[in-house]
Amino acid sequence: MHRSFTCFAAAMAACVGPAARAADWYTGAVTPAERDAWIVSVDTSATLSSQGSQFAGATVTAAPQDNLLASGPRVRLDGLVGSYRTESGSGRHALGEQAEIAALAGYAWVMPDAVLSGFVGLNVRRNELSRFDSSLPSDSVKVGLKTALDYYGRPTAFTMIHATGSYSTTFNAYFGRVRAGVASLAGGYLGPEFALLGDDYYRQWRAGLHLSGMQFGAVQLGIAAGYLHDHARKGGVYTTLDLRTGF
C-alpha cells in the first residue's frame, strides 16, 4: 500500500507539471475563484501526518446536462488509497491499509455566490489490518451506501466558506471538513480549517490553516497544515496538498 500511495502521488504531480489543482480525502472540492464553465472537474489530494497516516484521493464530477455552473444533475466517481496506525483490543498498535472506489449520482443547486451539492451511491471499500493481534479482522471487503454533501459560498467579494462531508455504511466511514477564508495577497483565500474523520478502526481530528484557491491558468492549488489528534497515536502535525482542474 505504501508503494501504491507513492505511485499515486507521483502520477498526480506528473499530471500537474509546474502548475497545480485542489481537494481532500473523501473529496473536498473547492469552487474555482474564476468560475470556468467546466463540464467535468477533477479534484485530487494527498495528506501526510507525523502519526503515520497517509492518504491520497481523487474525485471526478460531471454535469450530464449543461455545465457545472448551472443547476442540474451530477455524477461523481471517488477513489481513495491510504494507510494509518490504529490500536488493537490489547492496546498494541497495528498498521491499517485501505482503498475505496465509489459511484454516486446527485444534484447541484447553483446560486450567484454559492453552490450546494448532494450525492448518494454505492462504494466498495477494502480494509486490511496487520496480523499483530488475533482480535482484529485482518482483511475485509464490503459494499455499501455512500452519501455526500458539499457547500461552497462567498458571503462577500473577499471571503469564502466551504463545508464538505460524507458517510459510508462500509465500516461506518465518515469525513467532514470546514474551511473559512479571506482573500490573501498570495491569491486565493487564507483562513482556518477543521476536519473530523474515521471509521470502525480509526478516528482523527485536525485543526489548522489553509491557503486555497490559488489559480494557475486552468489549475488550482491549495495547501493546509496544522495540529491533529488520533485515538491511537495522539497528537501530531499534518499537511495537505489539494489540486483541482477541469474541462
Side-chain angles (χ1 to χ4, degrees), residues 21-45 57-80 100 102-123 144-169 173-183 188-197 205-206 210-215 218-222 224 240 242-247:
R21 303 178 244 166
D24 187 32
W25 179 38
Y26 292 151
T27 67
V30 178
T31 300
E34 297 178 3
R35 291 160 55 100
D36 297 313
W38 293 340
I39 297 173
V40 177
S41 66
V42 181
D43 298 274
T44 60
S45 71
T59 292
V60 178
T61 305
Q65 303 174 359
D66 211 334
N67 58 61
L68 296 175
L69 298 185
S71 296
R74 300 286 189 266
V75 293
R76 181 169 122 171
L77 298 176
D78 294 343
L80 166 74
E100 179 191 76
L104 304 96
Y107 195 90
W109 292 267
V110 179
M111 296 154 274
D113 295 304
V115 180
L116 175 63
S117 304
F119 297 90
V120 63
L122 297 176
N123 74 326
L145 180 71
K146 182 175 182 177
T147 59
L149 283 173
D150 190 89
Y151 173 81
Y152 179 87
R154 296 174 62 186
T156 71
F158 306 102
T159 60
M160 61 78 73
I161 184 169
H162 176 230
T164 188
S166 66
Y167 172 77
S168 171
T169 60
Y174 60 89
F175 173 79
R177 186 185 190 189
V178 178
R179 290 181 284 180
V182 297
Y189 296 92
L190 175 66
E193 73 165 18
F194 180 79
L196 187 67
L197 54 105
W205 60 264
R206 308 170 187 163
H210 73 94
L211 178 58
S212 60
M214 294 179 290
Q215 198 79 28
V219 183
Q220 270 193 314
L221 168 67
T240 299
D242 298 322
L243 304 170
R244 178 180 173 91
T245 190
F247 55 88

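- We find the CG-CD distance between Leu211 and Glu193 to be 11.0 Å, quoted to the nearest 0.5 Å.
- Residue Gly121 comes nearest to Leu145 through the heavy atom pair O-CD1, 3.2 Å, listed as atom of the first residue, atom of the second, then distance.
- With a 4.5 Å cut-off on side-chain heavy atoms, His210 and Thr240 do not count as touching.
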Report the C-alpha separation of Tyr152 and Thr164 in whole Å, then their side-chain angles, then the decisive distance to 0.1 Å, and conclude whether the side chain to side chain contact (heavy atoms under 4.5 Å, CB included) test is met. CA-CA 8 Å; Tyr152 179 87; Thr164 188; over 6 Å; no

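- The two residues Pro155 and Met160 come nearest to each other via the heavy atoms CD-CA, 4.0 Å.
- Between Asn123 and Ala102, the shortest heavy-atom contact is CB-CB, 3.5 Å.
- For Val75, the side-chain contact (heavy atoms from CB on, under 4.5 Å) partners are Ala62, Pro64, not counting sequence neighbours.
- For Leu68 against Thr61, the heavy-atom pair with the smallest separation is CD1-O, 4.3 Å.
- Checked against side-chain contact (heavy atoms from CB on, under 4.5 Å), Trp205 has the following partners two or more places apart in sequence or in another chain: Phe194, Leu196, Ala207, Tyr227, His229.
- Remark: Phe158 engages no residue in a ring pair (Phe, Tyr, Trp, His ring centres under 6.0 Å) (not counting sequence neighbours).
- Nearest heavy-atom pair across Thr159 and Tyr189 is C-CE2, 3.9 Å.
- Atom CZ of residue Arg154 and atom NE2 of residue His162 lie 14.0 Å apart, to the nearest 0.5 angstrom.
- A donor-acceptor contact shorter than 3.5 Å links the side chain of Ser71 to the backbone of Val110.
- Atom NZ of residue Lys146 and atom OG1 of residue Thr169 lie 11.0 Å apart, to the nearest 0.5 angstrom.
- At distances below 3.5 Å, not a single donor-acceptor pair connects side-chain atoms of Thr245 with backbone N or O atoms of Val42.
- Among Leu116, Val178, Val115, the single residue meeting the side-chain contact (heavy atoms from CB on, under 4.5 Å) criterion with Tyr151 is Leu116.
- Taking both residues in full, the closest heavy atoms of Ala103 and Leu77 are given as CB-CD2, 3.8 Å, listed atom of the first, atom of the second, then distance.
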